[in-house]
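Some notes on the structure that comes next.
One-based numbering, in listed order, for ligands and for the atoms of each. Just the heavy atoms: all of them, side chains too, but no hydrogens, waters or symmetry mates, feed the values below.
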Amino acid sequence: MSETIRLAVIGGDGIGPEVVAEGLKVLDAVLVGTDVSVEKTDVELGADHWLKTGEVLADETLERLRGFDAILFGAVGAAPGDARVPSGLIERDLLLKLRFSLDQYVNLRPSLLPAGVASPLADPGEVDFVVVREGTEGPYAGNGGVLRAGTEAEIATEVSVNTAFGVRRVVRYAFEQAAARPRRKLTWIHKTNVLVHAGRLWKRVVEEVAADYPQVTVDYLHIDAATIFMVTDPARFDVIVTDNLFGDIITDLAGAVAGGIGLAASGNINPDRTAPSMFEPVHGSAPDIAGQGIADPTAAILSVAIMLETLGQPEAGARVRAAVAADLSTRGAERRGTTAVGDAIAGAVAARAQ
Ligand SMILES: NC(=O)c1ccc[n+]([C@@H]2O[C@H](COP(=O)([O-])OP(=O)(O)OC[C@H]3O[C@@H](n4cnc5c(N)ncnc54)[C@H](O)[C@@H]3O)[C@@H](O)[C@H]2O)c1
Ligand SMILES: CC(C)[C@H](C(=O)O)[C@@H](O)C(=O)O
Ligand SMILES: [Mg+2]
C-alpha cells in the first residue's frame with residue numbers, strides 16, 4: 001500500500017535551512033523506487049521570521065503543525081549578543097513551545113563514532129550509546145520569575161519541575177530502548193547529592209520501572225562524574241536517561257566525543273503519537289559559519305534517518321545510515337562544502353538502491 005508522509009519543514013535560522021536542504025535531498029533519494037512519498041510544506045519560523053513579521057509562533061501555526069505526520073527542523077536562534085533579538089525569545093517561545101505543546105517528551109540523541117571518523121577523544125567502536133533526554137519538564141518548564149528586578153535585591157528563580165508522570169514515561173521509554181539493545185544497560189544521570197527533591201523522585205521511579213526489566217543492568221552517575229566518564233571511558237555507556245538540562249549539556253559533549261557536533265542527530269519524539277514528532281540536528285544555527293556553505297549537514301541527514309525509523313520505515317532509515325557511514329569512512333582531511341556532502345550521501349543512497 002502506498003503511503004504519503006506529510007512533512008512540515010522548518011529550516012529556521014543560520015545554517016538551519018542549509019543543512020535541512022541536504023536532509024531533504026537524501027530523503028528524496030532514499031524514497032525513489034519505494035511506495036512511500038513525501039509531501040513537503042515549508043513553514044517559516046525563527047529569529048529572522050520574527051524580525052520580518054513579528055510572529056514567534058502563532059496559535060494558528062501551531063495548530064497547523066499538529067496536522068502533519070512529522071516535522072523536520074533545522075535550527076533557530078540569533079547570534080548570541082545580537083541585540084535585536086531578546087535572549088531566549090526564539091528558543092523558549094518557539095522551539096521549546098513546539099516540544100512542549102506537541103508533547104515530545106522523549107528527546108532521543110544517539111551517539112555513534114563510525115569507522116573512519118577521527119576523534120581526539122575516542123576510537124571507533126568505543127562510542128555507541130543513546131541519550132534519552134526528558135523533553136518537557138525539568139528546569140526548562142519555565143517555572144520561575146524575578147522579584148525586585150534591576151535592584152541589588154533582585155532574586156531570580158528557575159524552578160525545576162519533575163512529575164512522577166513525566167519521569168515515569170521517559171524512564172520507561174529508556175528501559176524499552178535498553179532492553180532492545182545487545183548490552184542491555186541503562187545509566188541514569190542526575191545530581192541526587194544536591195538536587196534531593198527531584199533526585200528522590202527520579203530514584204524511586206527508576207527503581208520501580210527497573211522491576212519490570214530484570215534483564216537490564218542499571219547504573220547511576222552524578223552528572224559531573226558522567227562528564228568525566230564520557231570523555232575517559234565512553235564505552236561504559238549504552239542507554240542514558242536524564243532530565244532536560246543535564247541531557248542538553250551531556251549531548252553536546254557526546255557530540256564532540258563522537259566525531260563532532262556536525263554529526264549529532266536527534267528526534268523529539270511523541271511516542272504516544274498524539275501529535276507529530278520533530279527531528280533536528282543537536283546543533284544550533286551556528287551564526288559564525290552561516291551563509292558560507294561549509295556547515296556539515298550530516299546531523300540533519302541522520303535526523304532524517306531517525307525520522308524514517310520513527311515513522312515505521314526502518315529499511316529506508318538503515319539505507320540512509322549506511323550511506324552516511326560509507327561517506328564518513330572516506331572523509332579525509334579535505335573539507336567539503338555542505339552541498340557536496342549532501343550530494344555524496346544522496347548519491348550513495350541512490351547507488352545502494354540498485
Ligand atoms: N535546536 C536549535 O535550534 C538550537 C540548538 C542549539 C543552539 N541554538 C541556537 O543557535 C544559536 C547559536 O548557538 P551556539 O553558537 O551556542 O551553538 P551552535 O551549535 O549553533 O554552534 C556551536 C559551534 O559549533 C559549530 N557548528 C554547529 N553546527 C555545525 C555544523 N553542522 N557544521 C559545522 N560546525 C557546526 C558552530 O560553527 C559553532 O562554532 C543560538 O541562538 C542558540 O540559542 C539552537
Ligand atoms: C536552543 C535550546 C532551546 C535547545 C535546548 O536547550 O534544548 C538546544 O540547545 C538543543 O540542544 O536542542
Ligand atoms: Mg543543546
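Looking only at protein heavy atoms, the nearest one to atom 10 (C) of ligand 2 is R109 NH2, 3.4 Å.
Because the distance cut-off is set at 2.8 Å, D248 qualifies as a neighbour of the Mg ion (ligand 3) through one of its N, O or S atoms.
The distance from atom CD of E309 to atom CZ of R321, rounded to the nearest 0.5 Å, is 4.0 Å. Between the CG atom of L245 and the CD1 atom of I249 there is a distance of 4.0 Å, given to the nearest 0.5 Å. A distance of 11.5 Å separates CG of N268 from CG of D103, quoted to the nearest 0.5 Å.
For K185, the NZ atom sits in a packed shell: over 12 heavy atoms of surrounding residues, nucleotides or ligands are nearer than 6.0 Å. Atom CG of D59 is surrounded by 12 or fewer heavy atoms from other residues, nucleotides or ligands within 6.0 Å. Shown here is E63, whose CD atom has more than 12 heavy atoms of other residues, nucleotides or ligands within 6.0 Å. Environment of CD in E158: sparse, with no more than 12 heavy atoms of neighbouring residues, nucleotides or ligands closer than 6.0 Å.
Of the residues L57, T61, V9, I71, the one that meets the side chain to side chain contact (heavy atoms under 4.5 Å, CB included) test with V43 is T61.
For atom 44 (C) of ligand 1, a protein non-hydrogen atom is found at a distance below 4.0 Å. For atom 37 (O) of ligand 1, the nearest protein heavy atom lies under 4.0 Å away. Taking a distance limit of 4.0 Å, we find that atom 19 (O) of ligand 1 is approached by some protein heavy atom.
Comparing R99, E280, H283, E91 by heavy-atom distance to atom 12 (O) of ligand 2, the nearest is R99. Nearest residue to atom 15 (O) of ligand 1 from G74, P287, G284 is P287 (criterion: closest heavy atom). The option with the heavy atom closest to atom 27 (C) of ligand 1, from among E18, E280, H283, is H283. Distances from atom 30 (C) of ligand 1 to the heavy atoms of V341, D296, V76, T338 put D296 nearest. Around atom 25 (C) of ligand 1, the closest heavy atom drawn from V19, L263, I261 belongs to I261.
Heavy-atom separations between A299 and ligand 1 are all 4.0 Å or longer. Taking a 4.0 Å cut-off on heavy atoms, I294 fails to register as neighbouring ligand 1.
At a heavy-atom distance under 4.0 Å, only backbone atoms of V282 (N, CA, C or O) approach ligand 1.
Checked by distance only, ligand 1 and E91 come closer than 3.5 Å through their nitrogen or oxygen atoms. An N or O contact shorter than 3.5 Å is missing between A295 and ligand 1 by distance.
D238 and R184 are not joined by a salt bridge, as no carboxylate oxygen comes within less than 4.0 angstrom of a charged side-chain nitrogen. A salt bridge between D219 and R236 is present, with a side-chain N of the basic residue lying under 4.0 Å from a carboxylate O of the acidic one.
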